[in-house]
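The structure appears below as structure tokens.
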There are 2 protein chains.
Amino acid sequence: MPDDQPRDPLSLDAQLCFAVYAASRAITGLYRDLLADLGLTYPQYLVMLVLWERGPVPVKELGAALRLDSGTLSPLLRRLEAAGLVSRERSGSDERVVRAAPTGQGAALRERAETIPGRVLQATGLDGQEARTLHALLDRVTSSLGADAPPQDAVSACQPPPQEDRA
Amino acid sequence: MPDDQPRDPLSLDAQLCFAVYAASRAITGLYRDLLADLGLTYPQYLVMLVLWERGPVPVKELGAALRLDSGTLSPLLRRLEAAGLVSRERSGSDERVVRAAPTGQGAALRERAETIPGRVLQATGLDGQEARTLHALLDRVTSSLGADAPPQDAVSACQPPPQEDRA
DNA sequence: CACAACTTGATTGCGCACAACCTAATGGGT
DNA sequence: ACCCATTAGGTTGTGCGCAATCAAGTTGTG
């Protein structure tokens, strides 16, 4: 019975929470395969998306876009730097700020990454409309729970204006 | 480049992938708060859901239900055992099998957990129909990517025999 | 019985997430 | 000038998630 009232409390909720959890891990697993060629993990790929989009970005802004804090980003950026994909340097005007930017090698990776999104969408088995619906519902959930800034920022980081000129 | 819908390849896909990722972490964060009273993490809560539902369960079956392997479950169960919520013992008929079961204390925790689902659903800001739609889409994605067993098992672990969801 | 293939869990190592804490730099107020 | 609250990153510790590897037990075949 599709009761909107929670008559058996550990039921519908558990389905939904687990569905999000399982889907997230399944998607991460898919990316794991696709990104293996590039030597990136999924969170590293998300960071590179933002860097490709915005160029030199303070760690703070990266964290705001991806909803990650320095405890996650600092070691992640260190690994990207060790891999030669990212450079970090302190701002001159404010010595507290560290800006991360893709290196030439990191920027070059972007073209190889562009084949990935199409394969991911296809692998989900959803058509464009369903993907849009799913995305809208997830955004509702995230912003309801987030209580702070909506995910618009992060999303726009994922969809760049097709090209930009810079280093 | 494909002309169908993705004109800029790093766009829609990135939105959807990040939306799932962000929503998953937001939900986990919500549970973190709600479960703090019970002394459980979110994955530990999922394990307890299965144990409450099925009683003594081999680790293998737990892994199948939650899509987790022994590398995750072994230390997790060890911590639940150390907390006095779960007991583990080897099967007599097959010494390879370890069955986990809630202790009296673990079973008692169930009643305190029953107040959680309602609060979670409410916090998502979705009504019952939207939650159902979201759940159905996520299941499609998960099973498309999973390529192995569908999430039916895990879902039934979270709820007694429910109702078919409308596509 | 001996032996190879398979199954079940456990262990190890790495990379996130996140809370808690720390340092350094900034800016405001006196 | 001096304090002091604020801010940006970094570090530490805990707990997943997953690949790779291992040991112990089981089963099938001769």
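A, B, ... follow the sequence lines: proteins, then strands. Residue 1 opens every chain.
Counting only N and O atoms by type, the side chains of B:Thr115 and B:Arg119 include a donor and acceptor under 3.5 Å apart.
Among residues two or more places apart in sequence or in another chain, the salt bridge (charged side-chain N to carboxylate O under 4.0 Å, His left out) test is passed with A:Arg90 by none.
Here B:Pro58 lies in heavy-atom contact (under 4.0 Å) with sugar-phosphate atoms only. A:Leu76 comes within 4.0 angstrom of sugar-phosphate atoms only, judged by non-hydrogen atoms across all strands, and of no base. Using a 4.0 Å heavy-atom cutoff across all strands shown, A:Thr72 reaches at least one base atom of the nucleic acid.
B:Tyr31 and B:Tyr42 have tilted rings, their planes meeting at an angle from 30° to 60° on a 0 to 90° scale.
The side chain of B:Arg90 sits closest to C:dA10 out of C:dA10, C:dA17, D:dG17. Of the candidates D:dG9, D:dA8, C:dC18, the closest approach to any side-chain atom of A:Arg96 belongs to D:dA8. The side chain of A:Asp94 sits closest to C:dT26 out of C:dC18, D:dC18, C:dT26. Comparing D:dT26, C:dG9, C:dA25 against the side chain of B:Val97 picks out C:dG9 as the nearest.
One can place NZ of A:Lys60 at 14 Å from C1' of C:dA25, the figure rounded to the nearest angstrom. Atom OH in A:Tyr31 sits about 21 Å away from atom C1' in D:dA19, given to the nearest Å. Nucleotide D:dG9 holds its P atom 14 Å from the CD atom of A:Glu81, rounded to whole Å. Rounded to an integer number of Å, the gap from B:Arg32 CZ to C:dA20 P is 10 Å. One can place CZ of A:Arg79 at 12 Å from P of D:dT11, the figure rounded to the nearest angstrom. The nearest whole Å value for the distance from the CZ atom in B:Arg25 to the C1' atom in C:dA19 is 14 Å. A:Leu35 has its CG atom 15 Å from the C1' atom of D:dC18, to the nearest Å. Put simply, CG on A:Leu145 is 13 Å from P on C:dC18, counting in whole angstrom units.
Put simply, the side chain of B:Ser70 and the base of C:dA10 share a donor and an acceptor less than 3.5 Å apart.
Not one side-chain nitrogen or oxygen of A:Tyr21 sits closer than 4.0 Å to the OP1 or OP2 atom of D:dC16. OP1 or OP2 of C:dA10 sits under 4.0 Å from a side-chain N or O of B:Arg88. For D:dC16, one of the phosphate oxygens OP1 or OP2 lies less than 4.0 angstrom from a side-chain nitrogen or oxygen of B:Gln44. Contact between the side-chain N/O atoms of B:Arg67 and the OP1/OP2 oxygens of D:dG17 is not found at any separation under 4.0 Å. Between B:Arg78 and D:dG15 there is no side-chain N or O to OP1 or OP2 distance below 4.0 Å. Between B:Ser74 and C:dT11 there is no side-chain N or O to OP1 or OP2 distance below 4.0 Å.
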Name each donor-acceptor pair under 3.5 Å that joins a side chain in residues 19-27 of chain A to protein atoms two or more places apart or in another chain, with its distance.
{"from": "A:Arg25", "atom 1": "NH1", "to": "B:Arg67", "atom 2": "O", "distance (Å)": "2.7"}
{"from": "A:Arg25", "atom 1": "NH2", "to": "B:Leu66", "atom 2": "O", "distance (Å)": "2.6"}

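For A:Glu61 and A:Arg99, the salt-bridge test fails: no basic side-chain N is under 4.0 Å from an acidic carboxylate O.
Contact detail for B:Thr103 and B:Gly84: the closest heavy-atom pair is OG1-O, 2.6 Å.
Of the two residues contacting DNA chain C, namely B:Asp33 and B:Arg99, the nearest-nucleotide position lying further toward the 5' end is that of B:Arg99.
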